[in-house]
Amino acid sequence: MILDDKELELFARHVSLKEIGAPGQARLLDTRVFVADDVPAREALVVGLARSGVEIVGDEVTATWRVEASELSPPGVVDFGSGQVDVGPFDFALANRLEASGAVATKERWLGALLACEIVLAILGHRPPTFSLVCDFPDYRRQS
Amino acid sequence: MSPIVVKRELSRRAEKPRVLVIGAGGLGCPIVELLARVHVCELVLADGDVVDRSNLPRQWLYGDKDVGKAKTAAAAARVRDLAPGAKVETRGVFRLPDRLDFALVIDGTDDVDFKFALNDAAIAARVPLVSGGVVGLVGYALSVRPGQSACLRCVFEAPTDEMRKTCRDAGVLAPLPSIVGSVMAAMAARTLAGEAPEAMWSIDLGLSQARPSRWQRRDDCPACGRPS
Ligand SMILES: [Zn+2]
């Protein structure tokens, strides 16, 4: 798959990023992701993936990647593809302080955008097949 | 998006603090949207650019129909849709204001010389500043309380060639500015609420790490150091 002129223009900042490039962007454009309803920060995650060029599909059958909240260790364990991303519990004390100062909306945007980045990097092969993330707003780290 | 809870006293305050957001790009979009949604301040958004198609992957306030329009007008229209009642004033210029007559200034630009000039102006006017930057897979957010916490020059001293790399040259992962912008919005909301947020926060997606770091104000800082 080769990028056409419109795609090259739209994704110019991805094409010039050494971790993506034109082949990586073509791969993203060829990826179909299903995101289950109960995935945390779903709205921002879906926007982040779609704006990166990934197609969001409504059924699991045609998807090449699946993102779902795990039933095993709620809240915030996300499985996708053959891997698993554990987004861990939030730091609720900090989240509550942020809520009190009117900034709670930032937590969801942060997590959704962060998951979108990690999933894009996983699609591009920059993550091992299985890894977990521990997220304490506004910090996270990967555990492999 | 789950319901947003806002501290009552803050959002019902009759006179809301005025906040200047410079830059309506990858950082400015989430900052202005998130602050508008929680109704903690009146916003003044300044930027002289028009929306380009290459902006769309990371500047989520804009769509195809906005390409070619002034960013400030397109952003303000979208924010008023998302947060009815939010006050967003626009300035179609990208320059240091003559007077920093604001409760807080937020730097969402990608011009490193401008960042240092704005830092110095905020210190001189004793106005709190939230500064941030992204390129490639890395980003940072810095909360500056003049005279109390480290400023941009305490941390980085002066612009370097490495810092002059922009998303235009080195690229950027599309959702990354929204991560950094959310942290900047949280820093801004906490500053307005009278809290003292962590001074510096940085992220490296290559290492899958983000963390706060503590920086001391430098007595010999040319912007905020004490005169000897
Ligand atoms: Zn300083």
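Just so we're on the same page: letters track the sequence lines, and every chain starts at 1.
Between the CG atom in L137(B) and the NZ atom in K18(A) there is a gap of 7.0 Å [rounded to 0.5 Å]. For the atom pair T106(A) OG1 and I31(B) CD1, the distance stands at 11.0 Å (nearest 0.5 Å).
Only the side chain of I203(B) comes within contact range of chain A, with at least one heavy atom under 4.5 Å from a heavy atom of that chain. R58(B) touches chain A through its side chain: at least one heavy atom from C-beta onward sits under 4.5 Å away, while N, CA, C and O do not. Interface residue L114(A): backbone and side-chain heavy atoms are both found under 4.5 Å from chain B. Residue L10(A) touches chain B through both its backbone and its side chain, counting heavy-atom pairs closer than 4.5 Å. Heavy atoms of E19(A) lying under 4.5 Å from chain B belong exclusively to its side chain. For P212(B), the parts lying under 4.5 angstrom from a heavy atom of chain A are both the backbone and the side chain.
Here the shortest heavy-atom pairing between Q59(B) and R51(A) reads O-NH1, 3.5 Å. Among all heavy-atom pairs drawn from R13(A) and C167(B), the shortest one is CD-O, 3.1 Å. Smallest separation of non-hydrogen atoms from A113(A) and W60(B): CB-CH2, 4.3 Å. In this structure, R127(A) and G206(B) approach most closely via the heavy-atom pair NH1-O, 4.4 Å. The two residues E118(A) and L205(B) make their nearest non-hydrogen contact at OE2-CD2, 4.2 Å.
For R168(B), the CZ atom is loosely surrounded, since the number of other residues' heavy atoms within 6.0 Å does not exceed 12. Counting non-hydrogen atoms of other residues, nucleotides and ligands closer than 6.0 Å to CZ of R217(B) gives a total above 12. More than 12 heavy-atom neighbours from other residues, nucleotides or ligands sit within 6.0 angstrom of CD on E9(A). Counting heavy-atom neighbours within 6.0 Å of D59(A) CG, excluding the residue itself, gives a total above 12.
The residue among L8(A), L17(A), V15(A) with the most heavy atom pairs within less than 4.5 Å of chain B is L17(A). Of the listed residues (G136(B), A141(B), A188(B), A170(B)), the greatest number of heavy-atom pairs within a distance under 4.5 Å of chain A belongs to A170(B).
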